[in-house]
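FYI, side chains are in, hydrogens and waters are out, and symmetry mates aren't considered; it's all heavy atoms of this structure.
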Amino acid sequence: MSRILIVDDERSAREYLRVLLDQEGYANATAANGVQAIVELEAGGFDLVVTDLHMPEMGGADLLAHVRQRWPSLPVIVLTAASDIAEIVDLVRQGATNYLVKPAAPNTVLTAIERALATRRAPPAEDEKLQDIVGASKAIVEVRHRVMLAARSDVPVLITGETGTGKELVARAIHRCSGLAAGPFVAHNCAVSPRDLFESQFFGHKKGAFTGADSDHSGLLRDAHGGVLFLDELETLDPMFQAKLLRVLDDGEVRPVGSSRTHRVSVRFIAATNRDARAMIEDGELREDLYYRLRGFEIRLPRLRDRAQDVPLLVRHFLPAGAPEPTDEALDALQQAPWPGNVRELMNVVRSASAVAGGDALALEHLPPGYEPGASVEDDRDVDGADGGALRIAEGLSLKEIERRAILHALDQCDGNRSRAARLLQIDRSTLRRKLQEFGIEGK
């Protein structure tokens with residue numbers, strides 16, 4: 001039986017939690033402040049601490065610091081008023097497992113406790129679980145460090161970065177290293193959520209709820225119960241539906257379309273976007289309250305052109321097992337390329353060049369047109385972009401390669417927003433999506 005320490009200077013709050021946990025079969029003890037809590041903890045036998053933030057003598061922040069130093073693996077859930085969200089984000093970075101905004105509904109409290117206890121039961125994460133995050137640059141070392149920090153907590157995570165930087169790969173690494181690793185990882189691209197099917201996709205539906213509902217459907221949230229729901233391209237989600245997701249984040253309950261019954265779900269949210277969140281909020285595309293709720297922990301992924309020293313490591317990572325060492329000339333050329341499509345573009349180039357090499361060492365002549373040294377500097381001609389940018393086209397490029405580069409350029413100019421990129425290219429969104437799949441640059 002798990003034993004939980006409740007720390008709050010308000011007697012009514014302590015009693016509320018004590019009774020709730022008693023009813024669920026948890027053993028517990030209480031303390032009125034951090035000093036009393038440390039006395040209880042020194043006696044031993046606790047699996048979790050649930051503490052208020054502001055208390056006399058010793059508050060939750062100081063208690064958290066003491067627990068992290070004395071009992072590093074002991075999970076701590078912090079209770080806070082809504083006005084303390086910015087402070088809580090800092091506490092999460094310092095090691096808080098989760099936070100709850102007062103007054104927290106019983107289901108919300110119990111869900112947070114279940115997940116925190118699962119984190120404690122999980123074995124420590126191992127570096128091998130991060131082997132897909134390839135690189136030795138300072139930027140990528142920091143990404144791996146933040147992945148491990150995110151894995152040790154239970155708060156929502158927001159991953160930002162350009163198209164092709166590996167946001168889903170990082171999300172999967174967080175899940176793999178966390179206490180929820182045994183649970184499901186459900187990935188969903190919000191750009192493919194039809195407006196009229198959102199509730200069915202996320203909340204599920206009962207058979208006969210609407211035309212075409214020939215059977216019960218559990219929905220993404222129930223599919224992800226006990227694990228992670230990864231929301232890619234968050235910026236494309238309709239603000240009205242963002243409000244519905246915010247409610248799930250707060251109360252942990254879903255009701256399928258056509259049903260009168262609600263289901264409790266325990267889901268960790270990881271969201272990703274390639275756009276600037278503040279700009280989206282100002283444009284009305286992203287709810288500010290959802291942004292701050294999802295941004296319990298943020299990981300920013302670097303552009304490949306900002307960590308060119310990692311290119312040789314990535315090239316070797318993408319080559320088939322047992323392939324000969326690539327030539328120095330090929331590696332030098334790949335390091336000099338601008339990589340607007342980031343790691344995904346490099347992966348596609350290496351795989352294409354490897355197929356051309358046919359088992360020989362990957363050399364300069366195996367690279368696709370336009371990746372030879374100086375191709376984008378000495379032999380290029382500037383073509384004005386529709387928005388004032390410049391697309392550089394090298395001599396000898398095929399029409400298909402020019403088309404691919406134009407799409408990547410448009411996405412870069414539009415900060416990855418596909419709707420805007422499609423308008424810039426004067427094509428519809430479905431055509432753009434098909435082209436992305438054709439060129440192997442679909443998703444993130």
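Taking 4.5 Å as the limit, some side-chain heavy atom of Val311 sits within range of a side-chain heavy atom of Trp339. The shortest distance between side-chain heavy atoms of Leu229 and Leu221 falls below 4.5 Å. Looking only at side-chain heavy atoms (C-beta outward), Leu220 and Phe203 stay at 4.5 Å or farther from each other. Residues Arg264 and Glu114 meet the side-chain proximity criterion, which asks for heavy atoms closer than 4.5 Å. Using a 4.5 Å heavy-atom cutoff, the side chains of Pro156 and Leu249 are in contact.
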Query raised in the report: Please walk me through it: do Glu285 and Arg275 pass salt bridge (charged side-chain N to carboxylate O under 4.0 Å, His left out)?
Result: CA-CA 11 Å; Glu285 297 175 299; Arg275 297 185 56 202; 2.8 Å; yes
Requested in this report: Apply the test salt bridge (charged side-chain N to carboxylate O under 4.0 Å, His left out) to residues Lys206 and Asp216: give CA-CA distance (whole Å), side-chain angles for both, the deciding distance (0.1 Å), then the verdict.
Outcome: CA-CA 5 Å; Lys206 296 292 290 181; Asp216 288 352; 3.5 Å; yes
Query raised in the report: Taking it one step at a time, do Arg300 and Glu298 satisfy salt bridge (charged side-chain N to carboxylate O under 4.0 Å, His left out)?
Result: CA-CA 7 Å; Arg300 300 190 180 196; Glu298 184 171 359; 3.3 Å; yes
Report task. Would you check, one step at a time, whether the test side chain to side chain donor-acceptor pair (under 3.5 Å) holds for Asn342 with Thr165? Result -> CA-CA 6 Å; Asn342 292 292; Thr165 48; 5.6 Å; no
Query - Asp154 and Arg115: CA distance, side-chain angles, deciding distance, salt bridge (charged side-chain N to carboxylate O under 4.0 Å, His left out) verdict - result: CA-CA 7 Å; Asp154 193 33; Arg115 289 163 60 182; 3.2 Å; yes
Query raised in the report: Are Tyr371 and Glu345 close enough, and set up right, to give a side chain to side chain donor-acceptor pair (under 3.5 Å), and what steps lead you there?
Result: CA-CA 12 Å; Tyr371 290 95; Glu345 183 185 0; 2.6 Å; yes
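In summary, the side chains of Ser137 and Asp310 do present a donor paired with an acceptor at a separation below 3.5 Å, with no hydrogens or angles considered. Inspection of the His225 and Ser266 side chains reveals no N or O donor paired with an N or O acceptor under 3.5 Å. Between Asn274 and Glu162, the side chains place no donor N or O within less than 3.5 Å of an acceptor N or O (distance only, hydrogens not considered).
At most 12 non-hydrogen atoms from other residues, nucleotides or ligands lie less than 6.0 angstrom from CZ of Arg255. Heavy atoms of other residues, nucleotides or ligands lying less than 6.0 angstrom from CD of Gln69 number 12 at most.
Looking at every heavy atom in both residues, Ala116 comes nearest to Ile77 through CB-CD1, 4.0 Å.
Note that Arg172 lies outside the cation-pi zone of Phe230, set by a 6.0 Å cut-off to the ring centre and a 45° limit from the axis.
Interatomic distance, OG1 of Thr273 versus CD of Glu235, reported as 3.5 Å (0.5 Å rounding).
Checked against Leu17 for a side chain to side chain contact (heavy atoms under 4.5 Å, CB included), the options Leu79, Val7, Asp22 give a single hit: Leu79.
Aromatic ring centres of His188 and Phe202: separated by under 6.0 Å.
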